[in-house]
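Contents: one structure, followed by commentary.
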Amino acid sequence: MTSTAASTPADSSALRVPGYRTFLITFMLAMMADNIEHVISYWVVFQKFHSAALGGFAVVSHWLPFLVFSVPVGALNDRFDSRRLIQAGMVLFIIASVGWGYFFVTDSLQLWHAMVLLTIHGCAGVLWSTSSQMLLYDIVGPGFLPSAVRLNATARYLGVLVGPGVGSIIMRTLGPTRGIFVNTVFYLPLLLWLVSAPHGRHFRGVTTGPRRVVRGFTDIIQTVRDVRELPVVAAMVLLAGAASFFIGNSYHAQMPGFAHDLGHGDPGLAYTLLLGADAAGALLAGILLETRGTWLRTEPASALKLAFLWGCALFTFAFIRWYPAAILVLFLAGFLELSFSSMSQALVQLNAPDTIRGRVLGLFSMSASGLRAFSGVTVGLLGSVTNTHTSLAVSALAFVTVAGLLLLRRRQQGA
């Protein structure tokens, strides 16, 4: 544990930490680059192959590595320098972008080439995401941690919002080939800063206990057993996993259908505004919680209540037929999602034992991100059998049930 925030009041702004400011800016640039690459590569792949199956593979290849490799990457963070693992992720991102560029220049892209590059991109995401959370704790310490996690989540939403727009501009002005090469530049600030960034346990020479061998699936089983002895961490991992498995961001992919059913004006514009409402709610949550964070304490009961309300909001959205009300409910859903997801991640960070912190963060990442590979089944596949309104309602109801049971159990434990 660092001394950076040892005596800092809870929920203080992490922007007061100089090292964190640099981390946040470079993190945001990398997140933007991640989304720019999606825009350019997906467009070219669609134009060349017109393959719905490849589009499905793109989603699976993005989330499945989180499911398989998050805990092993966490274990690597317990043994090795998190800075170097993040740099390895950046290198893989650059390799993927340069690879796309090569095949665009030579006009030799084949289906299997695209699948390999998509998989490399997914593996880069696991190295970057899990290792960044590990380094984040060391940069800011426990006092600034809730703020840092919120700001990172807000930066992620900004990257998702800005990335596609910047990607479209780059592709229109430079073309996809030059654009994909230019995109590699946005990964460089984080890669170069980490060369000598004075952060991380290995930089400080901290010994956190005996080094355990990385054993893949065995690590997952052992980490689950370890987490069962940590009630707060176990509850947050289950909550994140349920949100990811039952809902995730799968309703975003179904948004064109919701926009059409709402029958309000141009479907394209209606679709854009619905997605924008969800993102705008999340951004407002990040801003308000950062500037007025004292009104919402970082504790398990708060995270569970917010998650419960998020599920209720999406359940309500599934049945709404009035467009202005749909906008309002999605705005509320975005606000609630960022609030509970950032809080649950902060609670895991604060309650994870330092000797196995990497493995615990890896398990949380596996639960929160890896299980999203299945949300397309719960919302998408069920929707093809019934309709998307029913499938989202059923999925939201299942999540509300899990969140409600966790909240009830928490109250019983506190009684």
Side-chain angles (χ1 to χ4, degrees), residues 31 35 59 150 153-165 239-240 242-290 296 302-344 368-369 372 375-376 378-380 382-383 386-403:
M31 179 60 67
N35 286 277
V59 175
R150 278 196 303 268
T154 305
R156 188 178 301 111
Y157 271 92
L158 277 173
V160 171
L161 280 174
V162 174
L239 181 69
S244 187
F245 180 84
F246 289 114
I247 302 174
N249 59 354
S250 59
Y251 65 97
H252 290 175
Q254 307 299 331
M255 206 62 80
F258 286 114
H260 178 270
D261 293 342
L262 285 165
H264 185 80
D266 176 63
L269 178 61
Y271 161 64
T272 303
L273 290 178
L274 288 174
L275 285 179
D278 189 71
L283 290 176
L284 179 64
I287 294 170
L288 288 183
L289 289 173
E290 186 60 24
L296 190 60
S302 297
L304 292 169
K305 290 174 184 176
L306 290 166
F308 182 88
L309 292 173
W310 176 65
C312 291
L314 290 179
F315 180 83
T316 303
F317 171 72
F319 294 105
I320 284 179
R321 292 296 185 272
W322 187 41
Y323 187 78
I327 291 286
L328 181 61
V329 171
L330 277 179
F331 181 87
L332 178 62
F335 186 98
L336 293 167
E337 183 181 11
L338 183 136
S339 300
F340 92 80
S341 61
S342 62
M343 190 176 294
S344 62
S369 298
R372 291 191 176 198
S375 63
T378 56
V379 176
L382 180 60
T386 56
N387 59 70
T388 54
H389 297 273
T390 301
S391 65
L392 179 59
V394 170
S395 297
L397 185 61
F399 173 72
V400 165
T401 302
V402 173

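One-based numbering along the sequence shown.
Looking at every heavy atom in both residues, A242 comes nearest to V402 through CB-CG1, 3.7 Å. Closest non-hydrogen pair, A396 versus I247, comes out as CA-CD1, 3.8 Å. The minimum heavy-atom distance linking L338 with A285 is given by the pair CD2-CB, 3.9 Å. Scanning both residues, L314 and A333, for their nearest heavy atoms gives CD2-CB, 4.0 Å. Contact record, S339 with L306: CB-CD1, 3.8 Å, taken as the closest heavy-atom pair. Scanning both residues, V400 and C312, for their nearest heavy atoms gives CG2-N, 3.6 Å.
Looking at H389, its side chain never comes within 3.5 Å of a backbone N or O of F319 through a donor-acceptor pair.
Atom CG of L332 and atom CZ of F317 lie 12.5 Å apart (nearest 0.5 Å). Taken to the nearest 0.5 Å, the OG1 atom of T390 stands 12.0 Å off from the CG atom of L397. With values rounded to the nearest 0.5 angstrom, S342 atom OG is found 10.0 Å from E337 atom CD.
The one candidate from F246, F315, W310 that meets the ring-ring contact (aromatic ring centres under 6.0 Å, His included) condition with F399 is W310.
Taking 4.5 Å as the limit, every side-chain heavy atom of F331 sits out of range of all side-chain heavy atoms of D278.
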